[in-house]
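Here is how names work: the chains are called A, B, and so on, in the same order as the sequence lines, proteins then strands, and each is numbered from 1.
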Protein chains: 2
Amino acid sequence: MNTAPTSQLDAIAALEDAGLRITGQRRQVIAAIQRRKGGFTAEELATELEGVGRATVYRTLKLLVGADVICKIVLPDGTPMYSPSRVEHHHHSVCTSCGAVEEFRDITVERVLRSLAREIDGDIIGHRMEFYIRCGACLAAAND
Amino acid sequence: MNTAPTSQLDAIAALEDAGLRITGQRRQVIAAIQRRKGGFTAEELATELEGVGRATVYRTLKLLVGADVICKIVLPDGTPMYSPSRVEHHHHSVCTSCGAVEEFRDITVERVLRSLAREIDGDIIGHRMEFYIRCGACLAAAND
DNA sequence: TCCTTAATGATACTGAGTCTCATAAGGTGG
DNA sequence: CCACCTTATGAGACTCAGTATCATTAAGGA
């Protein structure tokens, strides 16, 4: 199984591989992402990183999404969130209570994609798939 | 198989069932949607319906989404689109060239959802799933 | 028809992201 | 190690989709 960049160094290498410069700001953004290890919003990051401009945060996030270092998730209400990628091709479940993001890779999902490819008139060039859940922890908390 | 509201009258009935008033503006929005029978943006509708305020168009769209008369789709670049619903529980394929939206209902998809429900720690309360394609017509046009 | 309540429109506002453009680094080649 | 060319940055204006406010208007049941 292929793995996506996982550490600071991997993320930096991914940018280098794309012929991009490794700037102090980009390091800061990457470090901040690795520090959290969970879902986050662009605005959160921009607020946290006072030394990095808002535009730069958004620009860097976009680069990192393109390099598969992080991915962008859309909540049911349309709010975008970002989350570090651990597995190359994967989907997400997002807890709508606590915002926890889990990645999963399910061969069943891949199978469906292939079966749909046969049914659909045209070429499938991409897809979006997210599950909205109440995670175990939130359910447990609610039952106290 | 259950079917979702399909005609003007069904859409109006759906609003009535929800205890909402049938206003001239809402009739106009519904009529404009039925006139197209395809994907559209909120802003398109607001421009077309000069007699209806922008806020009202958005409000009505939201009600219609809630009543399963239309559904909201998100393109890969994040652009939102709306499309009339024909089938109750379904997913979409959107052609990224021409914007054509197709609905499909696939029992395989439902099966995956159930299998994932078992794997995921927590309750699945919803999901989002969209396929981005190049439709047959666009492929044919490109091959000329 | 009257009257309560819900809906509307104009407009200001929010949130997420992009654009512009002058200024400030990166990271080679010498 | 320096100069230089190019890429990246920051500040702030702008866009796009949608929401909030609130005074005014109109549904539709009694």
Starting at atom [atom1] of [X], determine the distance to atom [atom2] of [N], rounded to an integer number of angstrom.
{"X": "L15(B)", "N": "dA6(C)", "atom1": "CG", "atom2": "C1'", "value": "13 Å"}
{"X": "M81(B)", "N": "dG18(D)", "atom1": "CE", "atom2": "P", "value": "12 Å"}
{"X": "F40(B)", "N": "dA17(D)", "atom1": "CZ", "atom2": "C1'", "value": "15 Å"}

- Item | B/S/- contact track for nucleotides 7-20 of chain C, protein heavy atom under 4.0 Å | SBB------SBBBB

- Task: Can you pull out how bent the helix from dT1(C)-dA30(D) to dG30(C)-dC1(D) is, comparing the axes over its first five and last five pairs, to 10°?
- Result: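 Overall, the helix from dT1(C)-dA30(D) to dG30(C)-dC1(D) bends by 30° from one end axis to the other.
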
What pairs with [X] under side-chain contact (heavy atoms from CB on, under 4.5 Å), at least two apart in sequence or on another chain?
{"X": "R21(A)", "value": "T23(A), R26(A)"}
{"X": "Y132(A)", "value": "P76(A), V94(A), T96(A), E130(A), I125(B), R128(B)"}
{"X": "A31(A)", "value": "Q8(A), R35(A)"}

- H91(B) and H127(B): aromatic ring centres closer than 6.0 Å?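 Yes: the rings meet the under 6.0 Å criterion.
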
- Item | Residues E44(B) and Y82(B): side-chain donor-acceptor under 3.5 angstrom |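 The criterion, which ignores hydrogens and geometry beyond distance, is not satisfied for Y82(B) and E44(B).
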
- Message: Checking one residue: V74(A). Which other hydrophobic residues are in its cluster under the side-chain 4.5 Å linking rule?
- Response: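 Grouped by the 4.5 Å side-chain rule, V74(A) forms a cluster of one, so the answer is none.
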
- Query: Looking only at heavy atoms, what is the nearest atom pair of A42(B) and V57(B), with distance?
  - Reply: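 Looking at all heavy atoms of both residues, the shortest contact is O-CG1, 3.8 Å.
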
- Do T79(B) side-chain atoms and L75(B) backbone N/O form a donor-acceptor pair below 3.5 Å?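 Absent.
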
